[in-house]
Amino acid sequence: MATTQEFTISDALWTRLAPLLPVHVPKAHPLGRHRQRLADRDVLDAILFVLRTGCQWKALDATGLVKGSTAHSRFQQWVEAGVFARLWDEALQDYDDLIGLNFAWMALDGSLHKAPLAGKKTGPNPTDRGKGGVKRSLLTEARGIPVGLVLDGANRHDMKLTESTLMSLPPAAEAACATHRDAGHAQQLCLDAGYDYAQVREIVAAHGYTAHIRPRGEEAQSKKAGQKARRWVVERTHSWLNRFRHLLTRWAKKPENYLAMLHFACARITWYNCLFG
């Protein structure tokens with residue numbers, strides 16, 4: 001069984017994360033005293049534990065990290081402050097500075113997940129007997145680093161999310177993409193047969209990309225012919241995200257909470273690839 005030590009923030013990463021968290025300003029207490037506030041690092045460790053293991057917030061009480069109610073309360077405050085979107089953006093900036101985001105070949109694909117508690121941005125899943133589900137539409141650069149992400153109901157067709165996904169780049173990725181385009185470099189976007197519509201091709205072209213839409217059979221034949229496979233990186237990144245077990249099933253009713261956890265996972269993946277990619 002995994003131990004809590006395997007799911008905590010390292011000293012090096014905490015040094016990078018700490019300046020991105022909101023500064024807490026204590027309010028005056030009518031009795032002149034407060035319960036001591038738990039350290040942000042301990043709470044972030046607890047949130048990461050929930051993200052990695054998929055446990056319920058109240059299950060944190062038995063881990064020795066922090067109380068589940070405390071972790072969830074601080075999580076909600078940070079979601080409202082946009083902390084997790086900021087972590088992802090900073091991770092992308094670090095990756096671009098150290099390695100360089102590669103926008104020559106992009107890949108976009110959707111992934112379906114269960115959402116038993118429903119809420120906004122959910123819908124009947126056509127692959128799960130119409131049960132509630134959520135779809136995440138993911139955009140990656142050439143090495144599989146996540147650079148765009150949107151949520152919608154599971155019944156929303158992939159093609160309908162093309163434009164919103166292409167427009168969802170965080171500021172660091174958007175700036176790197178613009179620099180790549182301004183330098184006159186071509187930008188290719190790989191898609192599967194689910195995006196084979198004239199409307200999708202028009203949207204992709206309007207955003208400055210060249211669409212490469214092939215069914216799986218043609219991809220296999222092209223690979224045998226010696227052409228490099230490129231679309232698989234987005235499927236691998238979906239697999240990376242699924243290793244954060246909190247993301248496999250959406251239990252959060254609020255889409256912003258689920259999206260924040262996705263942003264946290266994207267930041268973790270990006271920083272990991274900074275170090276070991």
Side-chain angles (χ1 to χ4, degrees), residues 88 91-92 95-96 99-113 126-127 134-152 154 156-170 172-243 247 262-263 265-266 269-270 272-274 277:
W88 182 24
L92 288 169
Y95 186 92
D96 194 39
I99 299 175
L101 291 166
N102 185 349
F103 288 96
W105 286 90
M106 313 282 284
L108 189 155
D109 199 9
S111 178
L112 294 172
H113 299 271
T127 67
V134 63
K135 174 173 286 185
R136 64 180 187 227
S137 181
L138 180 68
L139 177 69
T140 67
E141 52 87 80
R143 301 184 188 90
I145 300 301
V147 295
L149 179 69
V150 296
L151 292 180
D152 214 316
R156 188 75 164 170
H157 198 286
D158 285 340
M159 64 166 291
K160 297 291 186 180
L161 300 178
T162 304
E163 186 163 27
S164 59
T165 307
L166 292 176
M167 295 177 65
S168 67
L169 277 68
E174 188 174 5
C177 184
T179 300
H180 182 93
R181 186 177 295 125
D182 292 342
H185 300 305
Q187 291 183 295
Q188 320 292 332
L189 180 63
C190 298
L191 304 149
D192 64 22
Y195 296 87
D196 195 5
Y197 296 87
Q199 179 184 351
V200 171
R201 296 180 187 276
E202 292 172 3
I203 291 172
V204 170
H207 284 270
Y209 300 97
T210 300
H212 295 264
I213 304 176
R214 289 180 174 176
R216 293 181 183 273
E218 288 187 14
E219 287 183 340
Q221 293 175 6
S222 299
K223 189 174 181 180
K224 290 180 180 179
Q227 297 180 16
K228 185 175 181 180
R230 299 183 184 276
R231 192 181 60 82
W232 64 273
V233 296
V234 68
E235 296 178 348
R236 182 186 63 180
T237 305
H238 274 302
S239 177
W240 285 343
L241 288 171
N242 289 341
R243 294 179 187 179
L247 305 177
L262 279 164
H263 289 163
C266 286
I269 288 169
T270 305
Y272 182 88
N273 278 275
C274 276

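The structure presented is a predicted model; accordingly, all values stated were derived computationally and were not measured. We use all heavy atoms of the structure for the numbers below, so side chains are in, but hydrogens, waters and symmetry mates are not.
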Relative to each other, are the rings of Trp105 and His212 parallel, tilted or perpendicular (30° and 60° limits)?
tilted

Polar side-chain atom of Asn273 near backbone of Ile269 as donor-acceptor pair, under 3.5 Å:
yes

Could you check if a side-chain atom of Ile99 sits within less than 4.5 angstrom of a side-chain atom of Arg143, using non-hydrogen atoms only?
yes

Can you see which heavy atom on Arg230 is nearest to which on Cys190, and at what distance?
CB-SG, 3.9 Å

With no hydrogens and no angle check, is any side-chain donor or acceptor of Ser168 less than 3.5 Å from a backbone partner on Gly148?
no

Using only atom types and a distance under 3.5 Å, with no angle test, would you say the side chain of Arg136 pairs donor to acceptor with the backbone of His113?
no

Is there a donor-acceptor pair under 3.5 Å between the side chain of Trp88 and the backbone N or O of Leu262?
no

Going from CG on Asp109 to CG on Leu161, what distance comes out if it is rounded to the nearest 0.5 angstrom?
11.0 Å

Rounded to the nearest 0.5 Å, what's the gap from CD1 on Ile203 to NZ on Lys160? Could you check?
8.5 Å

In short, Val233 meets Thr140 closest at the heavy-atom pair CG2-OG1, 3.7 Å

Would a 4.5 Å heavy-atom cut-off, applied to side chains only, mark Leu108 and Tyr195 as touching?
yes

Below 4.5 Å, heavy atoms only, C-beta onward: do Met159 and Asp196 meet side chain to side chain?
no

For Gln199, what residues pass the side-chain hydrogen bond (donor to acceptor under 3.5 Å, both in side chains) criterion, not counting sequence neighbours?
none

Atom pair OG (Ser111) and CG (Asn242), whose distance is rounded to the nearest 0.5 Å:
5.5 Å

If you take all heavy atoms of Leu101 and Ala176, which pair is closest and at what distance?
CD1-CB, 4.0 Å

How far does CE of Met167 sit from CG of Leu139, to the nearest 0.5 angstrom?
13.0 Å

Straight-line distance of Thr179 OG1 to Glu174 CD, nearest 0.5 Å:
10.5 Å

Note: Asp192 and Ile213 closest approach over all heavy atoms is O-CG2, 3.2 Å

Indicate yes or no: at least one non-hydrogen side-chain atom of Val150 is less than 4.5 angstrom from one of Asp152.
no

Nearest heavy-atom approach of Ala173 to Phe103 is O-CZ, 3.4 Å

Are side-chain heavy atoms of Asp158 and Val200 found at a separation under 4.5 Å?
no

Using a 4.5 Å cut-off on heavy atoms from C-beta on, say whether the side chain of Cys177 contacts that of Gln187.
yes

Quick one: list whatever passes ring pair (Phe, Tyr, Trp, His ring centres under 6.0 Å) with His207, sequence neighbours left out.
none

Scanning both residues in full, the closest heavy-atom pair of Leu166 with Tyr209 reads CD2-CE1, 4.0 Å

Leu138 side chain reached by Pro146 side chain, heavy atoms, under 4.5 Å
yes

Would you indicate whether the side-chain heavy atoms of Met106 and Glu141 approach each other to under 4.5 Å?
yes

